[in-house]
Amino acid sequence: MARYIFITGGVVSSLGKGLASAALGALLQARGYKVRLRKLDPYLNVDPGTMSPTQHGEVFVTDDGAETDLDLGHYERFTGVNATRADNITTGQIYKTIIEKERRGDYLGATVQVIPHVTGEIKDFVLSDPGEGVDFVLVEVGGTVGDIEGLPFFEAIRQLGQELPRGHACFIHLTLLPYIKTAGEMKTKPTQHSVKELRSIGIQPDILLCRCEMEIPEGERKKIAQFCNVRPSAVIQAMDSENIYAVPLDYHRQGLDSEVLDVFGLKDTAPKPDLTRWEQISHTLSHPDGEVNVAIVGKYTALTDAYKSLIEALIHGGVANNVRVRLDWIEGEVFEGESALVSERLTNVHGVLVPGAFGERGSEGMIRAVQFAREHAIPYFGICFGMQMAMIEAARNLAGIAKASSTEFGPTSEPIVGLMTEWVRGNEKEVRQEGGEMGGTMRCGAYEAVLTPGSRVADIYGTSTITERHRHRYEVNISYREAIEKTGLTFSGLSPDGVLPELCERSDHPWFVGVQFHPELKSRPFDPHPLFASFIGATKDRSRLV
C-alpha cells in the first residue's frame, strides 16, 4: 500500500509548497521509489481555466485535458511523471459533485453536511488509485492553515492520518522564520503560532520545513522543536537556493528525505539517493558558456507566474545549449503606440517569443513584434496565440489581405483565425463542449500532429508524428493556406485529418516557427523540449553576430 505525505503551509502564502513537494518527490525518486503528487485547492472555482492569469498564474494542462494548478507543472518537471485530472481538485469540483449527487437522490434523503460528505469526497480523491507500484503519494494542500476555506481539507487529512495504517502518513508543515534586522534576531513566534493553529485542528506535524534568509542558529532550532513538539532534526532549514533545480540538492543536504523516511521507519533500509542529474543540471545553470537575451512580448507580463512553464522551458533550452537565458518582459500594448519603440526594444535581443493569450488587447503590438523579427532575421517563436499573430502578419503585410484578422477580435471579412466550427463543418467533435459552459469550449489536452517531411520542425523533432498539449478556442483557417504559403510561411504540421494547422515555419529565415499548441508544458530540465532547445540554439548563434 502507498504511503501518504501531506504538505501544508502556514504564516504566509507563496513560501514554495509546490516546489518543496516537487523537490521531495524528486528526492524519493532518486532513492528508487515511485511517486505520485496531488494538489488540493480550496478555492470555489471548478478549475482555474476561467481565472485571470494575472491573479492566479498559469493554467497547467495535462494530457487528458484537465486545466489545473500551476504546481502540477512543478510536479511534472521535477519527477517526469505526467499528471492527470485525478491529481488536482478544487472546492468547486467537490461541491459540484456533491450537489449533483444530492439532486439525483444518491444520499437517500440524508442531510448533506461538510462532515462527512465534503470531507468524504476529499478523502476519496486523495485515496483514489495512484497507479501501479506507487510507493509514496505526496498531497499538497493549497492556502495556509487558518484560512476558513481550507478547513474541510485540513479536517479530511486529519481523518486520514487516523484511518491509514500506522506508519503510512507523514505531515510536513512549511512555515516562515523572519529575520528582524533592527532586533538582530530570527523570530520563531510566527512558526510557533502556525503550528499551534495546525495542532488546534488535530494535526501534529512530523517535520517543519522552515523558510529563512539565513542559517537557523542551534538555539532557535531547539526552541522551535520544543515549542512545536518535534525533534530538532525534524526542523529543516529551507533557504533560497542558487536556482530552483538546486532545491532537491539543498533539501537533501538538510536531511529532508532522511527525516521523511524516518517517519515511515525506512531510514535504515532505504537506498542511497542518486542525485547525479540534479548535480549536472545545477552545475550547468551555475556555470553557463555565455548568455542570450529573449524578448517575451505577451499580455500578462505583470505576473510572470502566468508564464511559469514557459520560463522553465526556456531555462531548459539554455541547459541544452549551456547558456543563461535572460528574459525581457514586454507588454504587447506598448508596441501599439510609438513604432520606434519596437526597434528600440527588439534590435539587440537574440530572440523574440510571443506566447499564448486570449482576447484582442495587445494583439496589434504582438503583430508588430512578429513583423520586426521577420524583417530583421531575429529568431522568432510563436506559441498558440503567437502562431496566430504570425499568420495574420503574413496575410496583411505579405499576402495583401489588408483586413486579415481573428474572429476573436470581432466580425471580420477575412477570418485568418476563427472558431473551428465557424468555417469547418463536420469537425465539431474536435472542440470539447460541456453544456455551453465557459471553460468547456476549448481544445484541451494532447492531440496528434503530422509533420511535413524535410521541414525544419520535422528535423527538430526527429519524427513525422508528434503529440502535444493544446489549450485554445480559435484555430488558423486552413482555407487561407495557399495565400499564406505564397509568402514563404509554410504550414509544416497539420492535424491527422489535414484540417487544422498545427505548426508553421519560414525557410527564408534563420529560425521562425509557430505552433498552435503549448510545448512548454512537456519540457523537463533533464529532457528539454526539442523546440526550445533548437530556439535557444538559434538565439545563441545570433548572440555571436549581434
Side-chain angles (χ1 to χ4, degrees), residues 52-54 56-60 70 73 77 244 291-321 323-337 341-374 376-390 392-393 471-472 510-523 528-529 531-540 542-543 546:
S52 169
T54 56
H56 179 76
E58 170 189 76
V59 175
F60 189 83
L70 63 82
R77 284 187 288 273
I244 67 168
E291 66 180 37
V292 296
N293 300 315
V294 176
I296 298 180
V297 185
K299 188 173 179 179
Y300 315 115
T301 58
L303 180 68
T304 57
D305 264 1
Y307 303 107
K308 189 60 182 173
S309 290
L310 178 66
I311 295 170
E312 298 308 315
L314 287 165
I315 292 173
H316 305 163
V319 170
N321 290 277
V323 293
R324 177 178 289 113
V325 181
R326 300 285 189 187
L327 302 180
D328 183 9
W329 296 96
I330 303 172
E331 191 77 16
E333 284 181 295
V334 306
F335 285 166
E336 295 181 353
L341 188 59
V342 180
S343 176
E344 178 185 328
R345 294 292 298 272
L346 298 183
T347 295
N348 294 318
V349 301
H350 305 131
V352 174
L353 190 151
V354 174
F358 292 91
E360 185 176 12
R361 181 176 64 83
S363 60
E364 292 300 323
M366 297 178 202
I367 292 171
R368 284 189 173 184
V370 176
Q371 180 180 1
F372 190 88
R374 174 178 60 79
H376 292 81
I378 301 172
Y380 175 77
F381 196 179
I383 296 177
C384 196
F385 195 78
M387 171 176 161
Q388 296 172 4
M389 296 306 98
I392 293 173
E393 190 276 329
R471 182 177 181 259
H472 55 93
W511 204 97
F512 192 108
V513 172
V515 298
Q516 185 57 74
F517 45 82
H518 290 271
E520 67 271 24
L521 300 177
K522 294 180 70 173
S523 189
H529 193 285
L531 286 174
F532 283 93
S534 180
F535 174 60
I536 296 301
T539 67
K540 185 177 180 180
R542 179 173 172 80
S543 71
V546 176

CA sep, side-chain torsions, deciding dist, call: V370, F512, side-chain contact (heavy atoms from CB on, under 4.5 Å): CA-CA 10 Å; V370 176; F512 192 108; 3.8 Å; yes
Report yes if the side chains of V59 and P53 come closer than 4.5 Å at any heavy-atom pair, otherwise no. no
Any side-chain to backbone donor/acceptor pair from E364 onto E336? Under 3.5 Å, distance only. no
Between K540 (side chain only) and V323 (backbone N and O only), is there a donor and an acceptor less than 3.5 Å apart? no
Counting only pairs under 3.5 Å, give me each side-chain donor-acceptor contact of residues 294-303, with atom names and distances, residues two or more places apart or in other chains.
unit_1: K299; atom_1: NZ; unit_2: F358; atom_2: O; d: 2.1
unit_1: Y300; atom_1: OH; unit_2: F358; atom_2: N; d: 3.0
unit_1: T301; atom_1: OG1; unit_2: E331; atom_2: OE1; d: 2.4

Contacts of type salt bridge (Lys or Arg N to Asp or Glu O under 4.0 Å), residue R471, not counting sequence neighbours: E67
Sequence-distant partners of A320, side-chain contact (heavy atoms from CB on, under 4.5 Å), two or more places apart: P528, A533
Do the non-hydrogen side-chain atoms of L346 and I330 ever get within less than 4.5 Å of each other? yes
Does the plane of the ring in H376 sit parallel, tilted or perpendicular to the ring in F372? Use 30° and 60° as the thresholds. parallel
From CA spacing to verdict: side-chain contact (heavy atoms from CB on, under 4.5 Å), E58, H518: CA-CA 12 Å; E58 170 189 76; H518 290 271; over 6 Å; no
Name of the residue among L521, L70, L314 meeting side chain to side chain contact (heavy atoms under 4.5 Å, CB included) with S309: L521
Check whether any side-chain N or O of R542 sits under 3.5 Å from a backbone N or O of V349 as a donor-acceptor pair, and report yes or no. yes
Which value, rounded to the nearest 0.5 Å, describes the distance between Y307 atom OH and L353 atom CG? 10.0 Å
Looking at H316 and S523, what are the two nearest heavy atoms and their distance? ND1-OG, 2.8 Å
Heavy-atom closest contact (L341 atom, F335 atom, distance): O-CE2, 3.8 Å
Ignoring hydrogens, what is the shortest heavy-atom contact between L310 and P355? Give both atom names and the distance. CD2-CB, 3.8 Å
Of all heavy-atom pairs between T539 and G351, which one has the smallest distance, and what is that distance? CG2-CA, 3.8 Å
Go through E312 and E520 one step at a time and tell me if the side-chain contact (heavy atoms from CB on, under 4.5 Å) criterion holds. CA-CA 8 Å; E312 298 308 315; E520 67 271 24; over 6 Å; no
Quick one: pull up CD1 in I315 and CZ in R324 and give me the separation to the nearest 0.5 Å. 10.5 Å
With sequence neighbours left out, what residues match R368 under side-chain contact (heavy atoms from CB on, under 4.5 Å)? S339, V342
So, for C384 and H472, which heavy atoms are closest and what is the spacing to 0.1 Å? SG-CB, 3.6 Å
Any chance you could measure I311, atom CD1, to T304, atom OG1, to the nearest 0.5 Å? 4.5 Å
Restricting to side-chain contact (heavy atoms from CB on, under 4.5 Å), what partner residues turn up for S363, sequence neighbours left out? E360, F385, M389, F409
Go through the structure and list residues passing side-chain contact (heavy atoms from CB on, under 4.5 Å) with Q371, not counting sequence neighbours. R374, E375, E393, N397
Does the plane of the ring in W511 sit parallel, tilted or perpendicular to the ring in F535? Use 30° and 60° as the thresholds. tilted
